[in-house]
Amino acid sequence: MNGKDTTVRTRFAPSPTGYLHIGGLRTALYAYLFARKHGGKFILRIEDTDRTREVKGAVDIIISAMQKAGMDYDEGPIVGGDFGPYVQSERKEIYLKYAHELVARGGAYYCFCTKERLEELHANGATKYDKHCLNMSKKEIDERIARGEPYVIRQNIPEHGTSTYHDEVFGDITVDFKDLEDNILIKTDGMPTYNFANVIDDHLMGITHCIRGVEYLMSTPKYNLLYDAFGWERPVYVHLQPIMRDATHKLSKRDGDAGFEDFLRKGFLPHAIVNYIALLGWNPKDNREKLSMSELVELFSIDGLQKSSSIFDETKMRWLNSLYIKEMPQQEFHAAALPFYAEYGIDKCACDLEYLSELLQPRVEILSDIKEKAAFLTAFDTTAKTPFDLALFENKKWKTDAAMAKSIMDDCIEITKSATTDLGEKLNALAEAKGLKKGQVLWIYRIALTGAAATPGGGEEMVKLFGKPAALERLEKVKSAL
RNA sequence: GCCACUAUAGUCUAGCGGUUAGGACGUUGGCCUCUCACGCCGAAGACCCGGGUUCGAUUCCCGGUGGUGGUGCCA
């Protein structure tokens with residue numbers, strides 16, 4: 001990039017909110033893919049300069065989510081690295097040092113304005129800070145600091161002129177300085193704001209490509225002013241449009257389940273989620289949609305990034321998830337299904353759970369579909385005289401009804417008793433002997449076994465699922481009910 | 001309010017001056033089939049509006065409109 005021989009270094013810099021948002025995960029993913037694609041480093045940095053929003057355990061949540069998503073980072077909390085610490089709250093002195101240097105260079109200044117004065121300013125129609133403290137004498141500054149007056153350090157933005165930079169997805173962006181404010185770099189508590197820490201860290205950590213949300217598109221010239229003031233090289237900028245919940249709302253944790261972990265809990269597979277969000281706002285140049293992490297790494301390119309925002313479509317993610325479920329090894333699917341069986345009380349059903357998994361695997365899109373797909377297990381009330389509504393035997397297409405069921409139930413029971421692997425053949429023979437269609441016998445047989453209009457499999461599968469003794473018990477119940 | 005970004009079917013997208021506007025999800029018709037699901041074959045469905053530029057605009061320019069973002073001692 002930039003024609004320079006530099007090793008690519010990208011970072012994901014979340015603030016620890018207590019969960020990993022889907023939008024954040026995608027930003028992380030693109031930064032990760034870009035770094036891996038170019039054989040560079042991917043860094044995790046925690047942006048926790050707002051101490052009032054501290055959430056305990058939040059960093060661990062982010063790290064574990066990234067692990068599950070298959071994104072390993074080269075430097076960051078826990079693993080360390082040559083440019084640490086990687087948690088901003090532990091870098092306070094570093095920011096202060098650079099802030100003072102910036103003041104000395106004229107790029108920033110001390111400001112003692114009170115909240116009251118600032119409010120008055122805005123009440124009088126001002127849209128931005130009036131540089132009131134800009135030309136304060138060194139003497140006065142020292143005195144007021146010595147007196148213990150609270151102060152902040154503000155960036156000194158030129159009053160006139162414009163600034164242009166190149167964004168890899170949006171092209172050249174020009175911003176007029178008059179639309180920018182002398183924002184605060186160091187707060188009264190001595191901590192930096194994002195506006196400052198971000199630049200200092202990106203430079204100190206050698207970040208070459210700054211991949212982040214569009215919310216920073218307009219303020220980037222301010223950051224460039226900082227890079228320039230220190231004589232540092234600016235990074236390459238890549239701004240990303242947000243993921244939306246609908247046309248007018250951003251996907252947000254508050255409005256529902258926008259957390260990565262929430263989707264995991266619903267039975268989405270980590271990689272299906274990653275695969276899906278990779279395609280939200282980016283596309284490889286061919287029509288492939290199901291892509292492994294290594295394929296994503298191989299195909300990722302900034303020019304496939306979308307300039308407009310995209311709406312999150314859980315339905316499509318379900319489809320992608322179903323593709324991954326179908327290709328899981330049977331045992332793996334079974335293991336993944338077990339916790340859901342337990343949650344829905346299915347683990348206590350009198351049936352072969354492993355076989356149930358076999359039947360369910362091609363039929364569920366996400367693991368929590370198991371609840372609905374396994375509901376048929378309780379359709380047959382083994383304790384009632386009439387185990388289910390006998391009207392279920394009626395089928396328009398096959399012209400079956402309870403009377404027909406009654407006429408063959410004895411044979412069904414006999415066949416079930418004697419059959420080994422030839423159950424299907426014997427049922428066919430029964431149909432022939434009775435002058436019925438195969439479908440009629442099979443429909444009646446399956447209904448009699450389950451009491452459910454729809455089941456994940458046919459009559460033969462149901463016998464196997466319940467086991468022969470239980471199946472016979474069911475048929476006997478139906479017989480007496482008829 | 002001011003500033004910026006953005007705009008192809010319901011959704012995700014391909015397209016980069018001339019195309020029957022391509023693919024996917026979803027929807028839908030059919031086949032397969034003892035039900036469900038899978039699978040297979042079809043169908044419907046889009047270039048925000050108005051001006052330019054051009055022989056010709058979905059594509060380039062301007063304006064409008066819609067949407068989003070920024071305008072925080074949040075990031």
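Per chain, numbering begins at 1; letters A, B, ... match sequence-line order. Remember, predicted model here, so these are calculated numbers, not experimental data.
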In whole Å, what separates the [atom1] atom of [N] from that of [M]?
| N | M | atom1 | result |
| --- | --- | --- | --- |
| B:G18 | B:A75 | P | 48 Å |
| B:G63 | B:G23 | P | 36 Å |
| B:G22 | B:C61 | C1' | 28 Å |
| B:C73 | B:G66 | C1' | 35 Å |
| B:A4 | B:A43 | C1' | 43 Å |
| B:C36 | B:U58 | P | 45 Å |
| B:A14 | B:U19 | C1' | 12 Å |
| B:C60 | B:G67 | P | 23 Å |

**OP:** Please list, by residue number, the residues of residues 173-182 of chain A whose heavy atoms come closer than 4.0 Å to an atom of RNA chain B; answer none if no residue qualifies.
**Re:**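 RNA chain B contact set from residues 173-182 of chain A: A:I173, A:D179, A:E181.
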Original post:
Looking at RNA chain B, which of residues 279-289 of chain A put a heavy atom within less than 4.0 Å of it?
Top reply: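 Going residue by residue through residues 279-289 of chain A, the ones with a heavy atom under 4.0 Å of RNA chain B turn out to be A:L279, A:L280, A:G281, A:N283, A:K285, A:N287, A:E289.
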Without decimals, in angstroms, what is the distance between [X] [atom1] and [N] [atom2]?
| X | N | atom1 | atom2 | result |
| --- | --- | --- | --- | --- |
| A:R212 | B:C5 | CZ | C1' | 15 Å |
| A:F376 | B:U35 | CZ | P | 16 Å |
| A:I184 | B:C73 | CD1 | P | 4 Å |
| A:H21 | B:C74 | NE2 | C1' | 15 Å |
| A:E119 | B:C73 | CD | P | 11 Å |
| A:Y276 | B:C25 | OH | P | 13 Å |
| A:D303 | B:A14 | CG | C1' | 13 Å |
| A:L359 | B:C38 | CG | P | 15 Å |

In B/S/- notation, 5' to 3', how is [range] contacted by protein heavy atoms closer than 4.0 Å?
| range | result |
| --- | --- |
| nucleotides 26-32 of chain B | S------ |
| nucleotides 57-69 of chain B | ----------SSB |
| nucleotides 39-47 of chain B | --------- |

**OP:** Look at the side chain of A:D48 and the backbone N and O of A:S89, then say whether any donor-acceptor pair between them is shorter than 3.5 Å.
**Re:**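 Side chain of A:D48 to backbone of A:S89: a pair is present.
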Original post:
Judged by atom type as modelled, is there a donor-acceptor pair below 3.5 Å linking the side chain of A:K477 to the main-chain atoms of A:D381?
Top reply: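 Not confirmed, A:K477 side chain does not pair with A:D381 backbone.
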Once you apply a heavy-atom cut-off of 4.0 Å, does [X] come out as touching a base, just sugar-phosphate, or nothing?
| X | result |
| --- | --- |
| A:P456 | base |
| A:T49 | sugar-phosphate |
| A:G459 | base |
| A:T455 | base |

Using the ring pair (Phe, Tyr, Trp, His ring centres under 6.0 Å) criterion, which residues pair with [X]? Sequence neighbours excluded.
| X | answer |
| --- | --- |
| A:F42 | A:Y32 |
| A:Y98 | A:F230, A:W232 |
| A:Y110 | A:Y151 |
| A:Y194 | A:Y216 |

Original post:
Between A:K397 and B:U33, is there a side-chain N or O to OP1/OP2 distance below 4.0 Å?
Top reply: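 No, no such contact exists.
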Subject >> Distance test, side-chain N/O of A:S310 to OP1/OP2 of B:U13, below 4.0 Å >> reply: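 For B:U13, OP1 or OP2 has a side-chain N or O of A:S310 closer than 4.0 Å.
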Original post:
Which pairs with one or both residues in residues 390-403 of chain A pass salt bridge (charged side-chain N to carboxylate O under 4.0 Å, His left out), sequence neighbours excluded?
Top reply: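 Passing the test, one end in residues 390-403 of chain A: no pairs.
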Subject >> Exercise: do A:T164 and A:D172 side chains pair donor with acceptor under 3.5 Å >> reply: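 Looking only at side-chain atoms, A:D172 and A:T164 do not form any donor-acceptor pair under 3.5 Å.
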Original post:
When you check the side-chain N and O atoms of A:T220 and A:R234, is any donor under 3.5 Å from an acceptor?
Top reply: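 Their side chains do not contain a donor-acceptor pair, so the 3.5 Å distance test is not met.
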Original post:
Quick one: side chain to side chain contact (heavy atoms under 4.5 Å, CB included) partners of A:R53, sequence neighbours excluded?
Top reply: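 Only A:D50 meet the side chain to side chain contact (heavy atoms under 4.5 Å, CB included) criterion with A:R53.
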Original post:
Can you tell me how far CD of A:Q241 sits from OG of A:S310, rounded to the nearest 0.5 angstrom?
Top reply: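 Rounded to the nearest 0.5 Å, the OG-CD separation comes to 8.5 Å.
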Subject >> Geometric cation-pi criterion, A:K290 with A:Y324: 6.0 Å, 45° >> reply: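 Yes, A:K290 lies over the aromatic ring of A:Y324.
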**OP:** Please confirm whether any donor atom in the side chain of A:T193 sits under 3.5 Å from an acceptor in the base of B:C73, or the reverse.
**Re:**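 Between B:C73 and A:T193, which were checked side chain against base, a qualifying N/O pair under 3.5 Å is absent.
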Subject >> Test of ring centre spacing under 6.0 Å for A:Y237 and A:Y165 >> reply: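 Ring centres of A:Y165 and A:Y237 closer than 6.0 Å.
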**OP:** Please determine, for the side chain of A:K307, which listed nucleotide (B:A14, B:U6, B:A75) has the closest atom?
**Re:**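 Looking only at heavy atoms from C-beta outward on A:K307, the closest nucleotide is B:U6.
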**OP:** Among the candidates B:U6, B:C73, B:A75, find the nucleotide nearest to the side-chain atoms of A:F170.
**Re:**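 Looking only at heavy atoms from C-beta outward on A:F170, the closest nucleotide is B:U6.
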Scan the side chains in residues 447-465 of chain A for donor-acceptor partners under 3.5 Å anywhere in the protein, sequence neighbours excluded, and list what turns up.
from   : atom 1 : to     : atom 2 : distance (Å)
A:T450 : OG1    : A:R446 : O      : 2.8
A:T450 : OG1    : A:A452 : N      : 3.2
A:T455 : OG1    : A:R446 : NH1    : 2.9
A:T455 : OG1    : A:G457 : O      : 2.7
A:E461 : OE1    : A:G458 : N      : 2.8

Subject >> Identified side-chain contact (heavy atoms from CB on, under 4.5 Å) counterpart of A:Y30 within the set A:L240, A:L25, A:V238 >> reply: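 Checked A:L240, A:L25, A:V238 against A:Y30; only one passes side-chain contact (heavy atoms from CB on, under 4.5 Å): A:L240.
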Subject >> Audit row: A:N195, A:Q155, side chain to side chain donor-acceptor pair (under 3.5 Å) steps and yes/no >> reply: CA-CA 9 Å; A:N195 295 318; A:Q155 183 171 5; over 6 Å; no
**OP:** Please work out which of the three classes, parallel, tilted or perpendicular, describes the rings of A:F263 and A:F312, given edges at 30° and 60°.
**Re:**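 Judged by the thresholds at 30° and 60°, the geometry between A:F312 and A:F263 is tilted.
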Subject >> Chi angles and distances behind the ring-ring contact (aromatic ring centres under 6.0 Å, His included) call for A:F393, A:F388 >> reply: CA-CA 10 Å; A:F393 281 117; A:F388 56 85; 5.7 Å; yes
